[in-house]
Amino acid sequence: MARNERLKFLQELEKLRSSRILVYITGDRRGLETKIATDSFPFCLTHLLKMGRQKRIDLFLYSTGGITMAGYGLVNLIREFCDSFGVIVPFKAQSTATLIALGADEIVMTKMGQLSPIDPSVISPFGPQFQIPEQPGAARPIPVNVEDVVSYLNLARQGLDLKDEDSLVRVFDRLSQVVHPLTLGSVSRIREQTSFLANTLLNYHMKDPNKIRKIVDIITKGRFSHDYLIGRKEAKDVLELNVIEDEDTSNKAFELYTEYDHILQLSTPYNAEVVLGDNRTITADFNRALIESDNLTHVFRTTKKMDRVTLNPPQVPFPTAGVSETVIQEQWLQDNNI
């Protein structure tokens, strides 16, 4: 679809919502994932300054997560420009994106809309490392999931019924041999911080402390798995969030989402061989995240040089054809042509 037609969709959605809309999409295309982070804030601010003060601003949001403090900061930034803040969830608004939704006065979810538990992970130079098989001596940090640590300790106390202090000390000592004590300290701090941020955002628009406590408990530790998906019905009936069910708005939101899916190729797994095709070497651009409002678009773009190569022992057991990828440039930029 041409840009003008996509922006027409956006304007029609604004009319249905009686709002101005800021689109923020971080891609989850396998191999080219991006996350909610503060590097997007200057560009969000550019869009908000162009909008000016509004009665209502909606954030059209698609993301599988990111930095929790960035999500908290984004809510506060948008609220500086409006009296009422809404979030439109066409599909995925998980983890940190769910935290953002908790800060909204109302949430529009399509039938396919998804929230999730807010269950952050800690990545630390002191944390466990994964040795990369094809790169001897190279390793990357393994994220330490906050609730996994808590569940391990609960398993010892409740599942294995360990009561005496010596047994629990040995359990903790075993854990600290795998996960550095400083990382465990970060896990404890971030768990408390996540609950605090969720509580603070809900307090922006809710007055019942019992209701807020219930939502925070469910969203931070009551669904056991980071992969648990909270649909529209559960968000409305169980969490008791202010979920708006308007099918005209939902249908228009999903139509708009499909256009962004096309731009960022969200539904297409990244395959270097497919991109390279019959060429021996190419330079390719990959759009990985997007911020858009009426007639203004910023995109996070990665430019790669890709070459056909042959991998030889000891990198691999026997000579294997492969693709070498070199990132030439990676940045947010304005592009009103997409």
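This structure is a prediction, so every number in the text was calculated from the model and none was measured. Atom set for the values below is all heavy atoms of this structure, side chains included, hydrogens, waters and symmetry mates excluded.
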Assess, by modelled atom type and distance only, whether the side chains of Asn76 and Tyr204 contain a donor and an acceptor separated by less than 3.5 Å.
yes

Are there over 12 heavy-atom neighbours, none belonging to Lys233, within less than 6.0 Å of that residue's NZ?
no

Taking atom NZ of Lys8 as the centre, does the number of heavy atoms from other residues, nucleotides or ligands within less than 6.0 Å exceed 12?
no

Indicate whether any N or O donor in one side chain lies under 3.5 Å from an N or O acceptor in the other, for Arg213 and Asn210.
yes

Consider only side-chain N and O atoms of Thr297 and Glu292, and report whether a donor and an acceptor are under 3.5 Å apart.
yes

Side-chain donor-acceptor contact under 3.5 Å, Ser63 with Thr26
yes

CD (Gln331) with more than 12 external heavy atoms under 6.0 Å
yes

Is any NZ, NE, NH1 or NH2 atom of the basic residue among Glu255 and Arg6 found under 4.0 Å from an Asp or Glu carboxylate oxygen of the other?
no

Have Asp307 and Thr281 got a donor and an acceptor in their side chains that come within less than 3.5 Å?
yes

Show your working on side chain to side chain donor-acceptor pair (under 3.5 Å) between Tyr24 and Ser40 and close with a plain yes or no.
CA-CA 9 Å; Tyr24 185 25; Ser40 64; 2.8 Å; yes

Given 3.5 Å as the limit, does a donor-acceptor pair link the side chain of Arg29 with the main chain of Thr268, or not?
yes

Aromatic plane relationship, Phe43 with His298 - under 30° parallel, 30 to 60° tilted, over 60° perpendicular:
tilted

With a 3.5 Å distance limit and no angle check, can you tell me whether Asp261 reaches the backbone of Ser267 through a side-chain donor-acceptor pair?
yes

Any donor-acceptor pair under 3.5 Å linking the side-chain atoms of Arg288 with those of Thr302?
yes

Result of checking Gln94, Lys35, Lys92, Glu33 against Thr64 for side-chain hydrogen bond (donor to acceptor under 3.5 Å, both in side chains):
Lys35

Take atom CZ in Arg280; do more than 12 heavy atoms of anything else shown fall under 6.0 Å from it?
no

Are Tyr62 and Tyr257, when compared by the centres of their aromatic rings, separated by less than 6.0 Å?
yes

